Participant: 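One structure is given below, represented as structure tokens, and several questions about it will come after.
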Amino acid sequence: MSNPQQLRYSKEHEWLSAAEDGVATVGITEHAANALGDVVFVQLPDVGSAVAAGETCGELESTKSVSDLYAPVTGEVTEINEDVVNDPSLVNSAPFEGGWLFKVRLAEEPADLLSADEYTAFSAG
């Protein structure tokens, strides 16, 4: 499994894109998607809602279990991925592309996110 180098990663297995005009995209990693199994339902934060780094902001339900979704950063949700709401399997089939979950306007720059290499070592161990 290859984690894209341009992304940053949380220890809760979410990824964050580089911010464009202060807005970053959030998703879960391929490692997390594989561990969950087939995702059948997603509950995402509402557009306009505030999320806080490390806090629960949604839920992913799979054929194996239900897992909390954690915000990797603090900010305001600007968009959710309606395609994932309508077809949760995108989380499994394209976790770094069409399976993104939501976009957030950053309140502050994240300090404790991992690089791709650091996340690969963390998730392997």
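FYI, side chains are in, hydrogens and waters are out, and symmetry mates aren't considered; it's all heavy atoms of this structure. This structure is a prediction, so every number in the text was calculated from the model and none was measured. Here, residue 1 is the first one in the sequence, and each next residue gets the next number.
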Participant: Please list all pairs passing the side-chain hydrogen bond (donor to acceptor under 3.5 Å, both in side chains) test where one or both residues lie in residues 65-87, with sequence neighbours left out.
Facilitator: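 Matches after skipping sequence neighbours: Asp87-Ser89.
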
Participant: Should Phe122 and Leu113 be counted in the same cluster of Ile, Leu, Val, Met, Phe, Trp and Tyr side chains packed under 4.5 Å apart?
Facilitator: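 No, Phe122 and Leu113 fall in different hydrophobic clusters.
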
Participant: Go through Thr120 and Asn3 one step at a time and tell me if the side chain to side chain donor-acceptor pair (under 3.5 Å) criterion holds.
Facilitator: CA-CA 7 Å; Thr120 299; Asn3 296 303; 2.9 Å; yes

Participant: Take Asp38 and Ser62, measure what side-chain contact (heavy atoms from CB on, under 4.5 Å) needs, and give me the verdict at the end.
Facilitator: CA-CA 5 Å; Asp38 295 332; Ser62 72; 5.7 Å; no

Participant: Kindly check if the number of other-residue, nucleotide or ligand heavy atoms within 6.0 Å of CD (Glu20) is above 12?
Facilitator: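 No, because the 6.0 Å sphere around CD of Glu20 holds 12 heavy atoms or fewer from other groups.
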
Participant: For Cys57, run the side-chain contact (heavy atoms from CB on, under 4.5 Å) check against Leu101, Leu44, Leu69 and tell me which one passes.
Facilitator: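 Result for side-chain contact (heavy atoms from CB on, under 4.5 Å) with Cys57: Leu69.
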
Participant: If I compare all heavy atoms of Val84 with all of Gly98, which pair ends up nearest, and what's the gap?
Facilitator: CG2-O, 3.7 Å

Participant: Hey, does the side chain of Arg8 reach the backbone of Asp112 with a donor-acceptor pair shorter than 3.5 angstrom?
Facilitator: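 Not a single qualifying donor-acceptor pair exists.
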
Participant: Tell me, do Ile80 and Val47 make a side-chain contact under 4.5 Å, heavy atoms counted?
Facilitator: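 Counting from C-beta outward, Ile80 and Val47 do come under 4.5 Å.
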
Participant: In terms of ring plane angle, is the pair His31 and Tyr119 parallel, tilted or perpendicular, where the classes change at 30° and 60°?
Facilitator: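 Perpendicular.
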
Participant: Would you say Val23 ends up clustered with Phe102 if hydrophobic residues are merged whenever their side chains have heavy atoms under 4.5 Å apart, either directly or through other cluster members?
Facilitator: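 Result: no, two separate clusters.
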
Participant: Let's go through Asp46 and Val77 carefully: what are the C-alpha distance in whole Å and the side-chain angles of both, what is the deciding distance for side-chain contact (heavy atoms from CB on, under 4.5 Å) to 0.1 Å, and is it a yes or a no?
Facilitator: CA-CA 7 Å; Asp46 294 328; Val77 176; over 6 Å; no

Participant: Are Ile28 and His13 packed together at the side-chain level, in the sense that at least one heavy-atom pair is separated by less than 4.5 angstrom?
Facilitator: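 They are not in side-chain contact.
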
Participant: Once the angle between the rings of Phe96 and Trp15 is folded into 0 to 90°, is it parallel (under 30°), tilted (30 to 60°) or perpendicular (over 60°)?
Facilitator: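 The arrangement is tilted - the two ring planes meet at 30° to 60°.
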
Participant: Is there a path of hydrophobic side-chain contacts, each under 4.5 Å between heavy atoms of I, L, V, M, F, W or Y residues, that connects Val104 with Leu60?
Facilitator: yes

Participant: Rounded at 0.5 Å granularity, tell me how far CG in Leu106 sits from CG in Leu16.
Facilitator: 6.0 Å

Participant: Side-chain heavy atoms under 4.5 angstrom apart, residues restricted to Ile, Leu, Val, Met, Phe, Trp, Tyr: same cluster for Val85 and Leu90?
Facilitator: yes

Participant: Can you tell me how far the CD atom of Glu30 sits from the OG atom of Ser93, to the nearest 0.5 Å?
Facilitator: 10.5 Å

Participant: Using modelled atom types only, decide if a donor and an acceptor are shared between the side chain of Ser10 and the backbone of Pro72 within a distance under 3.5 Å.
Facilitator: no

